There are 2 protein chains.
Amino acid sequence: VSRFEDTCAGIGDVDSEAAASTQRLLDGKTKPRRSLGRLEDLACTIASITGRSPPSLPTKAIVLMAGDHGVAQEGVSAYPSEVTWQMLLNFARGGAAINVLARQVGARLVVADLGVSGPEAAIPEVRSCRIRPGTANFTLGPAMRPDEAVVAVEHGMAIAQELVEEGVGLIGIGEMGIGNTTAATALLAAFSGEPPRAITGRGTGIDDATWARKVAAIEKALAVNRPAGKSALEILAALGGFEIAGLAGVVLGAACHRIPVVLDGFIASTAALCAAGIAPHAAKYVLASHRSVEIGHRLVLQALGVEPLFDLGMRLGEGTGAALAMPLIEAALRLVHEMATFDQAEVTDTGR
Amino acid sequence: VSRFEDTCAGIGDVDSEAAASTQRLLDGKTKPRRSLGRLEDLACTIASITGRSPPSLPTKAIVLMAGDHGVAQEGVSAYPSEVTWQMLLNFARGGAAINVLARQVGARLVVADLGVSGPEAAIPEVRSCRIRPGTANFTLGPAMRPDEAVVAVEHGMAIAQELVEEGVGLIGIGEMGIGNTTAATALLAAFSGEPPRAITGRGTGIDDATWARKVAAIEKALAVNRPAGKSALEILAALGGFEIAGLAGVVLGAACHRIPVVLDGFIASTAALCAAGIAPHAAKYVLASHRSVEIGHRLVLQALGVEPLFDLGMRLGEGTGAALAMPLIEAALRLVHEMATFDQAEVTDTGR
C-alpha cells in the first residue's frame, strides 16, 4: 500500500469527549463562564483534534511550499515567475516576512521547493521536492499528471510525518508561487461551481486588464480540463500547482497523526479544501487563522466549516497569517494549563 | 501647577511625517505593496505616536486597575463586590487570565488598587492607590467628588510616568471591578446621548431581571447626576469608578510621553474616552485591541476613531485583549526592522 493510501486511510474522526472535557476545565477557571469566547473554542478544538484534555503546549512549525505555474505565461500576475525562485533565496537568507514572523513566534520554518523554475537544489536551506520546474499551462491541458499530483501530496505527507516524529504538535502552512491565486481560484471554481469572475481577486495587486486575463485563463482552464464529475485528486492535478498539492499532503499527513494545521490565506486554505476532498475528515483538523483580502478565501473557509480568528486586510501568503495566529492558539492552551480555578483561588463563583 | 494640568498641557498632536516615513520603509520590503494590510497601519500609527521612524521595539507593560462600585448594591452584577478583592489576590498570586497572558507576551503587569473594598494594602504585589473602599452609589448622587477623580487620574499619570522612566514603550490597560460595566455604560450614555437600554450589555453574564435593574440604575444615575453640559472630568466623577479614572490618567500620562496605549474591552476603552474628553489629542495615542461582546464597546471605539484588530467574542476585561494584541503590534514593528528590501534581496519589483 502506498504512503498516499495509508495516510488517507489513517484519518479518523476527532474526539468530541476531549473537547467537552477541556470546556469543563475552562468552566472551573476564575472568569465568568465562556468569557474568553473563541479562545475557549480554540482550546476545545485542539483537544478534539489531539484527543488530549488538556492538550499540551505544542512545538510549532510552519511548512512553506513553493512552485511555479505555467498559467503565468498568460500574464495573470503583477510579478514575473522568476520572483518565485528569488523569494526562495530570500526565505533561505531569512529576509522575508514569514522569516520575521516565524522567528517571533518561535516556529521552525521548513521551506520546500515542490516545482519552482530556476536552478534546482542550489539553496541548501530549501528542501528539494521538485517534481518539475513549474506546472504546465492549464489553459492548454492539465497542470500536472495525476501521478505527479500524488508524488507532490506524498512529499507533504512525508514532511508532516517527519515533523511529528521530531515532536512538532502544531503545523502552519504557507505558500509562494507567482500565478498561484489563479490556480487556487480555478480549483475553487471547480469545487464550488461558482463562476470565475465572481471569485477572482487581485492576487498580488493586479490592474483591471490583468484581472480580465486572469478570469479568461480560469474560464479557459475549466473549459479545457472539464472538472465536473472528477475526483478531488484529478481536479487537483488538472488545475492545481505542485505547492498546492504538497500542502494538501501536509494537511492529510498532520490529520493522520492528529496534529492541528493552521491555515494561512486563500491558496493554503484551498490546499486544505483539496485535502478535504480527498479525505473528508481532514477538514476537522484545520484551524483558520486570518481572512485575507482575496475574495475567494471566504468561500473556501465556509466550505471547510472554519471561522477565521482575525481579518487584518492581509494578502501576502507565505504562512504569515498562520504565524500570527500561533500566539492566540498558544494563549488558549496556556489559559487551560495555568489559570487558577475558583476553588484554588478562593474566589466566589456565583456566575453561571 | 498640578500634575493633572501639566500632563494634559503636555499632550500634543501626533507626527504624520514619521508615519509616512515608516510607510515608505514598508513599501521597499520584499512583498507586494500594502499586502500586510493593517500590520502596516499599526507600524505607521506607532511611528506617528512616538515620532520615530522606524519605531523601536518597545518594552511592554500592562496596567490593571481595580475598584469597587456603590451601584453594585442595586443588584446589577452576577457576582458580589467581594469578588473584586478576591481577584486582586488572584492577580497577586499569578492565577488570573491576565497573569497567564502577560507572562506569555512578556509584558510586565502592574496591578493597582484604586478603590477596592476589603483589607487595604494587605497584598504587597498590589500597588495601593486607594481613594476610598468603593465609589458611592451613583443612583443617589455622584460616585465621587471631582477632587477624588483628579487624585485617581493623577495616580494613573504617575504610574505611566514611572513606567516610561523605566523604559516601557507600550502600555496596555485593563480593569477589574464588580459593577464597572454599569459605570462605563452610564459614562457612555452621558457622552453619547444614547438611551441606556440601547447600550446596556450583559457584563459578566447577567439574566434578564438583572439586566433590567442595570438599565434602571443607569437611567436613575443620569436623572440624579444630570451630566448634560458638564465637563468630561465632572461626568467622570459623577458616573465613573476609581479604576476608570485611574486608567484615564494612564492614557493621559502615556500620551504626554508619546507612548502608545493598547485598549482592552468596554470599560478600559471608556476610560480612554474620558481621557479624550479631558484632552482631545489623547485619542490619537490609543490602539484598539479587540472588540468585546459588550454592546457599548463598538460605540466607544467609534467615538475614539479606532478599529479593533480582532473580535474573539471575549468579555473578561483585566487587559486580556490588550495582551493578545501585543504580539500583533510587535509583529508589525519587527517586519519594519527585519524584512529585506527588494534591493537587498535582489527580488524583481514590478508590483505597484
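Every value quoted in this text rests on a predicted model; they were computed, and no experiment measured them. Numbered from 1 within each chain, the chains take letters A, B, ... in sequence-line order.
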Handout entry: Partner residues of B/Arg334 under the side chain to side chain donor-acceptor pair (under 3.5 Å) criterion, sequence neighbours left out
Key = B/Glu330, B/Glu338

Handout entry: Flag, side chain of A/Thr204 to backbone of B/Pro32, donor-acceptor distance under 3.5 Å
Key = no

Problem - Residue selection (most heavy-atom pairs with chain A, distance under 4.5 Å) from B/Arg34, B/His337, B/Glu40 - result: B/Arg34

Handout entry: Best-contacting candidate, B/Pro308, B/Ser35, B/Gly317, against chain A by heavy atom pairs under 4.5 angstrom
Key = B/Ser35

Completion exercise
Under 4.5 Å to a heavy atom of chain A? For B/Pro80 that would be both

Handout entry: Which atoms of B/Phe91 approach chain A - backbone, side chain, both or neither, heavy atom under 4.5 Å
Key = neither

Exercise for the section: Select one option (side chain, backbone, both, neither) describing which atoms of B/Leu335 are under 4.5 Å from chain A's heavy atoms. Expected result: both

Problem - Any residue of residues 319-329 of chain B which, by heavy atoms, sits under 4.5 Å from chain A - result: B/Leu324, B/Pro327, B/Leu328

Handout entry: Value rounded to 0.5 Å, distance of CZ in B/Arg38 from NE2 in A/His290
Key = 14.0 Å

Problem - A/Thr348 backbone acceptor or donor facing B/Gln86 side chain under 3.5 Å - result: yes

Handout entry: Heavy-atom closest contact (A/Leu312 atom, B/Leu309 atom, distance)
Key = CD2-O, 3.4 Å

Exercise for the section: Step through the shown structure and confirm whether more than 12 heavy atoms of other residues, nucleotides or ligands are within 6.0 Å of CD on B/Gln344. Expected result: yes

Completion exercise
Interface check, chain B: of A/Ala97, A/Gly313, A/Ser292, most non-hydrogen pairs under 4.5 Å belong to A/Ala97

Handout entry: A/Arg298 CZ: over 12 foreign heavy atoms closer than 6.0 Å
Key = no

Problem - residues 100-107 of chain B: residues contacting chain A (heavy atom under 4.5 Å, by number) - result: B/Val100, B/Leu101, B/Arg103, B/Gln104

Problem - Close side-chain approach of B/Val347 and A/Tyr79, heavy atoms under 4.5 Å - result: no

Exercise for the section: Could I get the full list of ring-ring contact (aromatic ring centres under 6.0 Å, His included) partners for B/His69, not counting sequence neighbours? Expected result: none

Completion exercise
Whatever's closer than 4.5 Å to a heavy atom in chain B on A/Arg315 counts as both

Exercise for the section: Give a yes or no on this: more than 12 heavy atoms of other residues, nucleotides or ligands lie within 6.0 Å of atom CD of B/Glu346. Expected result: no

Problem - Heavy-atom pair of closest approach, residues B/Leu316 and A/Lys31 - result: CD1-CB, 3.7 Å

Handout entry: Closest contact, heavy atoms only, B/Thr30 versus A/Ala96
Key = OG1-CA, 4.3 Å

Practice task
Could you have a look at A/Asp41, A/Leu39, A/Asn90 and say which one has the most heavy-atom pairs with chain B under 4.5 angstrom?
Solution key: A/Asn90

